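Notes follow once the structure below has been shown.
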Amino acid sequence: MSGDEPGRSYTGLGRTNLLETSRRRVRTALPPRVRANGLIRLGGGICGVLVFAAIVGPVVSPYDPTTQALEARLQSPSLAHPLGTDALGRDVATRLVYGARISLALAVVATGLRLVIGTTIGLVAATGGRLVDAVLMRLVDVQLAFPGLVLALVIAGVLGPSLRNVVLALSLVGWASYARIVRGSVLSVKRRPYVQSAKLYGTPWRRLVRRHLLPTVVSPVAVLATLNLGTVVLAAAGLSFLGLGAQPPTAEWGAMIDDGRNYLRSAPWLITAPGIAIALTVIGFNLLGDGLRDVLDPDHLEDTQRRRT
Amino acid sequence: MGPELVVDDLRVRFRTRSETVDAVDGASFTVEPGAIVGLVGESGSGKSVTARSIVRLESPGEIVDGSIKFDGRELTSADDRTLRRLRGRELAMVFQDPSTTLNPVYTVGEQIAEAIRIRENPGRQPFLAELAAGVSSRLRTRRRRSEVLELMETVGIPQADERIDAYPHQFSGGMCQRVALAMALARRPSLLIADEPTTALDTTTQAAILDRLARLNAERGMGILLISHDLGVVSELCDRVVVMYDGTVVEYGPAESVRSDPEHPYTKALLDCLPHRSEPRSRLPTADWPPADDRPSRSDEPPLQGTVLETDRTAVDGGTTATGERGSPRRDAETAAPGSDRRVDGPIVELEDVAASFRQSDALVDRLLGRDERVPAVNGVSLSLRAGETVGLVGESGCGKSTLVRLTAGLEETTAGEIRLRGERIGDADSRTDDQLADVGVVFQNPTTSLNPKRTVGQTIAEPLFEAGWDESRREDRIEEVLSLVDLPAAYAGRYPRQLSGGQCQRVAIARALALEPSVVLLDEPTAALDVSTQARILNLLADLQADLDLAYLFVSHDLAVVRHIADRVAVMYLGQFVEVGPTNRVLSAPTHPYTQTLLDAIPGNEAEECRQWDREALAGEPPSPTSPPDGCAFHPRCPVASEDCTRVEPPLEAVDGGRTRCLYAGEWRSDDSQRSAGDADATETQLITNSERTEPGVARTGRDGR
Amino acid sequence: MIRALVERLGSLTAVLFGVSLVSYGFVSLTPGDPAYTILRAQRQSPPSDAEVAAFRAEHGLDEPFVVQYVSWLSEALRGDLGTSYYTSEPVTTLLLESLPNTLELAVAAMAVSLLLAVPTGVASAVHRDTWIDRTSQLVALLGVSMPNFWLGYLLILVCSLWLGLTPAAGSGTLGHLILPAITLGTGLAAVVTRLVRTSMLEVLEAEYVRTARSKGVRERLVVYKHALRNALVPVVTIVGLQFGFVLNGAVIVEVVFQRPGLGTLLVDAVFARDYPIVQGVVLVTAFVFVVTNQLVDLAYVALDPRVDRGGDRA
């Protein structure tokens with residue numbers, strides 16, 4: 001019962017306004033949220049370069065990613081092969097840019113599926129009745145009870161090793177956090193006075209959800225999805241590394257590391273290049289996600305505001 | 001006597017990523033040894049920053065200029081060791097919100113004991129021993145334990161022995177503040193800095209804490225610097241008063257003369273707009289001193305003086321004199337009450353024996369076992385509300401006053417009794433017709449959460465209109481109309497709530513409530529979150545709107561002064577029930593229920609004759625838990641005049657003296673009490689006055705009571 | 001208190017029931033006939049229909065799913081998870097052999113990461129926006145972004161092959177544990193560092209920390225006594241959830257370092273379609289994970305006296 005705390009919000013209000021309201025403002029050069037924009041720019045830049053490489057690389061490269069050239073096997077990096085060649089004489093750089101296509105597409109599709117499944121379940125749980133909520137949240141609990149990769153590994157393994165099954169497996173195991181976030185923020189917004197006001201002038205549920213509940217959900221979900229892109233890239237590479245994802249001779253980063261591990265001592269570039277590619281992609285998505293969080297997530301913003309005063 | 005604190009031309013600056021703000025801009029004042037000095041100002045005045053700077057906790061601000069001298073030592077340049085020694089032994093500080101100032105993971109006993117250990121040896125503080133002290137919750141030595149107990153008793157914590165090993169979350173706000181006070185006293189400080197120590201508390205608790213501070217000052221000669229936004233609090237307690245506005249000290253002098261004869265116009269304006277200093281239902285004077293809160297904050301344009309004046313048109317138009325006249329004739333001509341066609345003679349809203357309770361536990365097991373323990377929130381409440389009438393609803397936190405508003409609005413369902421709107425029984429919001437929904441407007445307490453931050457003012461006000469099926473051009477006309485009703489420029493329709501101040505947000509919320517031309521507006525603490533001068537403006541606005549539109553108000557407040565100012569009738573709630581209902585001037589001058597008297601006594605700075613009946617310390621008990629209400633009269637555990645009968649017989653709500661009261665000794669206790677304390681000349685005198693007042697019913701009330 | 005316990009046990013049972021259903025169901029409801037696939041793999045030639053039927057009857061695969069599940073579950077409750085399709089060894093025995101190895105790795109990795117992460121996170125928060133903070137944040141970013149199997153091979157390459165400090169693969173001695181634990185712990189350490197930092201930053205702004213300073217408590221105690229304990233409250237929950245991350249990683253790290261354990265057992269079983277083993281491993285990992293989280297919740301109660309011991313707060 002929010003109304004029964006006399007004066008408490010007075011103080012809250014007073015504190016946030018403490019700084020904002022002084023009339024003697026001295027304008028300084030830096031616009032707000034510069035750091036956040038910096039993160040977005042850097043992360044976005046990395047992702048942009050990767051997307052560019054994925055699109056343009058295969059067109060530019062003189063080599064084919066799968067054609068074997070045994071006479072040129074295990075060559076160390078040179079002008080002709082900037083990242084060397086693998087045990088079957090294929091150009092590592094070429095395979096890398098083809099691999100970027102797979103990793104990025106897979107990340108986007110799997111994350112998209114997670115997002116749709118999770119958001120729907122979260123919304124239904126938060127706005128449906130108590131029974132619906134209880135059942136769905138138990139479902140979420142069950143999903144969260146499995147270490148994600150273990151379950152994904154089993155799903156992908158049982159369905160048969162293929163990229164499509166990797167996407168399916170990764171979507172089936174990652175939606176629960178979306179459901180939780182969406183449900184949580186919808187429930188917290190539901191109790192806000194402005195939503196209650198909306199009820200009082202007869203706003204139908206669907207409009208209430210669209211107008212007041214969904215907009216608050218967009219930011220945290222966007223942040224989570226961006227960070228998730230990185231997680232999916234890592235997990236997919238892991239599955240491929242175990243042999244459950246892309247099958248030879250497909251050029252996929254995890255599979256390339258798997259191929260290269262037998263030549264660890266003699267040709268260390270075979271695992272170095274795809275490893276760095278994976279790490280770079282994940283760094284890009286992480287930076288982007290952190291930056292987005294700084295800009296979008298209202299809770300986080302509140303947090304920085306509190307810190308300022 | 002103790003040391004003296006001299007603050008001279010203090011300047012504190014905050015640097016944020018986007019700007020630099022001088023929160024304190026040249027503050028100078030002195031706290032003499034053993035004196036109580038009040039530091040007053042509205043939000044944004046820099047008073048809290050000043051207070052924190054004295055103990056050098058101004059971070060993330062920085063002191064850029066000026067000096068703070070304590071006991072002759074310069075604090076602005078003091079090193080950490082000196083500061084720690086000072087904080088541990090001389091300068092103690094109590095902060096604002098007791099629920100956040102205590103460390104939640106340590107027992108209160110340990111937190112007080114830590115302060116004692118530091119006072120005994122501020123230089124040492126062995127790392128591992130301190131960590132270990134935090135882990136074991138029980139205090140080790142008997143000597144330490146008794147020291148802590150003594151401190152807890154000094155600050156008035158009952159059953160200290162049982163509560164010493166409790167955690168802060170097991171304490172109420174008032175008790176937490178007492179613990180914080182005990183921590184401060186553990187250092188035997190010569191100066192106590194209290195930053196809004198009672199703002200977050202109920203008035204009865206506030207009164208007890210203030211009395212406690214005054215007593216400590218008298219007994220120990222401990223100086224006090226009391227920071228507050230509330231002139232009432234300050235004038236009650238302080239010898240001298242410092243008034244801050246916008247980072248500077250605008251007035252500084254003896255409390256008595258500041259109050260009776262303020263020199264600076266800002267102080268005068270601040271005093272004038274206090275509702276308890278004005279005639280009931282008069283227009284509150286609002287000077288053109290823009291309070292920090294009612295200026296557009298964080299707006300896209302720099303808040304120039306011009307825009308401020310524009311938004312405060314009423315203030316300027318209405319003049320600063322305390323007349324009841326309307327300042328702007330414009331509206332009287334234009335708006336003939338739109339609700340007039342729906343007018344009925346009987347009450348608009350009636351509550352009859354309304355009760356509501358909440359499920360105690362939502363846990364699955366309870367649901368499966370079919371256990372349905374319920375906590376009553378509202379119990380057997382009856383009330384009627386007529387057009388043009390304001391009913392004030394007062395009571396402490398958790399008494400059920402907000403629940404009553406939610407029931408009437410339709411946000412909760414009644415478990416018994418019925419609510420009628422224009423004679424027709426109504427249920428919760430889902431079951432009401434469009435007309436019934438339109439007929440009731442609601443304004444909530446916190447203006448910032450009442451508005452969707454992602455929607456503009458125009459979109460927000462348009463929502464009810466849209467749901468009622470208005471087409472776009474009509475909507476836009478109406479938005480402009482209601483914005484002008486609440487004295488906001490039409491251009492504000494395009495702004496977002498974050499670009500508005502708290503007061504302006506509350507205007508928008510009122511505008512939204514009025515959009516569909518309701519005949520009843522439910523106001524749940526509409527000014528509790530606002531500064532006094534903003535509060536004055538909103539109260540004036542509400543009065544104007546009522547006069548123009550013949551609105552009925554149900555006005556919930558914890559502040560008796562506000563209720564006295566605005567309400568025709570007042571209902572006092574305790575533990576879900578009305579304990580006293582009646583005409584405001586009678587109830588608040590000659591209450592017939594002891595609880596009402598308790599609330600009156602607790603008003604800070606109110607020296608009117610009806611106050612000061614009882615020792616306030618004794619009255620600041622906690623209301624009993626609604627799950628297990630006491631037998632007999634619910635108020636008897638806190639009641640100073642309770643008898644044996646009160647513990648057994650539950651008193652009915654009976655007609656007494658123009659109202660209704662739920663007390664076995666309704667009215668009678670006043671004379672009994674005065675006999676009991678016959679030795680006390682003041683009390684007897686008070687009694688005579690109030691008794692004589694009671695013989696003239698309906699004083700100064702013009703026709704409103706009769707309806 | 002008792003009601004809270006009943007409540008908790010109730011939801012735990014519900015979750016574990018769901019877990020068992022998923023563990024069993026995913027495997028059994030897959031397309032294709034496991035009997036055919038397995039026999040074919042064993043004989044290197046297509047089996048006859050009679051052979052397939054015999055295999056199905058032997059392993060109860062000809063029953064309807066519900067019957068299969070119920071009998072599997074009731075056996076499982078008695079500690080019998082069936083036998084391997086290939087070796088006919090009891091699955092329970094195989095699990096009991098592998099589990100200690102995996103737990104050893106997981107616990108070592110958790111220890112490594114917490115020892116690294118908590119002090120780093122605290123230092124990062126206390127020295128906010130200094131080079132200490134920036135460096136630790138950069139390292140943490142690298143830590144969360146590196147695929148752990150890749151890191152594993154890099155470590156093998158550098159420490160074992162080039163420097164010859166540690167054995168490259170296998171298990172048994174402490175030396176065998178070092179590289180896998182570091183490999184597995186790095187990712188977790190990075191996550192926890194960021195978490196401790198964020199949590200500390202928030203707590204350092206809390207009013208009660210200011211109160212502690214105003215009491216004259218010295219800074220080191222303000223940080224470690226008043227702030228850290230509060231900051232650890234959210235961290236502990238997340239660390240519990242991160243145990244799943246460790247189990248995930250253990251699968252891959254075990255393959256990289258060729259350590260016997262649940263991970264290698266699972267991967268081999270998946271490829272061989274030895275379903276009883278797959279089901280057993282999934283069930284046990286989920287069980288370990290759920291139980292760990294319950295233990296973490298208990299630690300949470302010990303750390304934070306505010307936690308209402310009376311069930312979940314709606």
Side-chain angles (χ1 to χ4, degrees), chain A residues 134 137-139 141-161 172 187 227 230-231 233-235 237-239 241-244 253-254 257-258 260-261 264-265 268 271-272 274-276 278-287 290 300 303 306-307 309, chain C residues 11 14-19 21-23 26-27 30-32 141-142 144-151 153-154 156-157 161-162 168 187 198 201-202 205 241 243-252 255-256 262-263 266-267 269-271 273 275 278-279 281-282 285-290 293:
Chain A
M137 287 332 278
R138 281 299 97 85
L139 200 63
D141 284 347
V142 169
Q143 202 260 270
L144 287 175
F146 289 100
L149 193 73
V150 171
L151 191 60
L153 191 153
V154 172
I155 297 173
V158 168
L159 293 179
L172 282 178
L187 284 184
L227 294 171
T231 324
V233 167
L234 275 181
L239 288 178
F241 164 77
L242 291 175
L244 289 166
W253 293 343
I257 293 181
D258 188 29
R261 65 182 168 147
L264 202 53
R265 197 192 284 267
I271 67 154
T272 313
I276 289 177
I278 296 171
L280 204 63
T281 314
V282 181
I283 287 176
F285 287 136
N286 274 335
L287 289 175
D290 285 349
H300 193 73
D303 188 22
R306 196 162 357 114
R307 233 174 266 151
T309 43
Chain C
S11 83
V15 167
L16 286 178
F17 178 75
V19 163
L21 194 62
V22 171
S23 308
F26 261 125
V27 176
T30 48
L141 180 64
L142 287 177
V144 286
S145 305
M146 269 189 297
N148 50 13
F149 50 97
W150 180 60
L151 178 67
Y153 285 120
L154 285 189
I156 291 176
L157 183 65
L161 301 185
W162 290 352
T198 320
L201 280 178
E202 195 162 308
E205 294 297 317
L241 289 175
F243 192 71
F245 179 88
V246 173
L247 290 175
N248 283 336
V251 173
I252 288 180
V255 172
V256 169
L262 284 182
L266 177 66
V267 172
V270 163
F271 278 109
R273 299 192 166 254
Y275 291 155
V278 174
Q279 287 160 340
V281 174
V282 172
T285 33
F287 187 78
V288 168
F289 186 36
V290 169
N293 276 321

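Each chain gets a letter, A, B and so on, in the order the sequences are listed, and its residues count up from 1. All values reported here derive from a predicted model rather than from experimental measurement. Only heavy atoms go into these numbers, but all of them, side chains included; no hydrogens, no water, no symmetry mates.
In this structure, chain C has no heavy atom under 4.5 Å from any part of L139(A). Proximity to chain C is limited to the side chain of L172(A), based on heavy atoms less than 4.5 angstrom apart. With a 4.5 angstrom heavy-atom cutoff, I155(A) touches chain C only via side-chain atoms. For V15(C), the parts lying under 4.5 angstrom from a heavy atom of chain A are both the backbone and the side chain. Using a 4.5 Å cut-off between heavy atoms, F241(A) contacts chain C through its side chain alone, with no backbone atom that close. With a 4.5 angstrom heavy-atom cutoff, V144(C) touches chain A via backbone and side-chain atoms both. In this structure, the portion of F271(C) lying under 4.5 Å from any heavy atom of chain A is its side chain and not its backbone.
Residues V282(C) and V19(C) fail the side-chain proximity criterion, which asks for heavy atoms closer than 4.5 Å. A 4.5 Å side-chain heavy-atom check between F146(A) and S23(C) finds at least one atom pair inside the cut-off. Between L141(C) and L287(A), some side-chain heavy-atom pair lies under the 4.5 Å cut-off. Inter-residue side-chain proximity for I156(C) and L161(C) is flagged as met; some heavy-atom pair is nearer than 4.5 Å. Contact check for L157(C) versus W162(C): side-chain heavy atoms found under the 4.5 Å cut-off. The shortest side-chain heavy-atom distance between F149(C) and I257(A) falls under the 4.5 Å cut-off. The closest side-chain heavy-atom distance from F289(C) to L144(A) is not below 4.5 Å.
Considering all non-hydrogen atoms of both residues, G230(A) and V282(A) come closest at O-CG2, 3.7 Å. Among all heavy-atom pairs drawn from A279(A) and P147(C), the shortest one is N-CD, 4.3 Å.
Counting heavy-atom pairs closer than 4.5 Å to chain C, the top-ranked of the candidates L187(A), T231(A), V233(A), I283(A) is I283(A). Contact count against chain A (heavy-atom pairs under 4.5 Å) is highest for I252(C) among V278(C), L262(C), L247(C), I252(C). The greatest number of non-hydrogen atom pairs below 4.5 Å with chain C, out of P274(A), G157(A), A145(A), is found for A145(A). For chain C, the option among L280(A), L151(A), I278(A) with the highest count of heavy-atom pairs below 4.5 Å is I278(A). Between chain C and the residues T281(A), D141(A), L264(A), the most heavy-atom pairs under 4.5 angstrom are made by L264(A). Interface summary for chain A: among V270(C), V288(C), V251(C), N148(C), the most heavy-atom pairs under 4.5 angstrom belong to V270(C).
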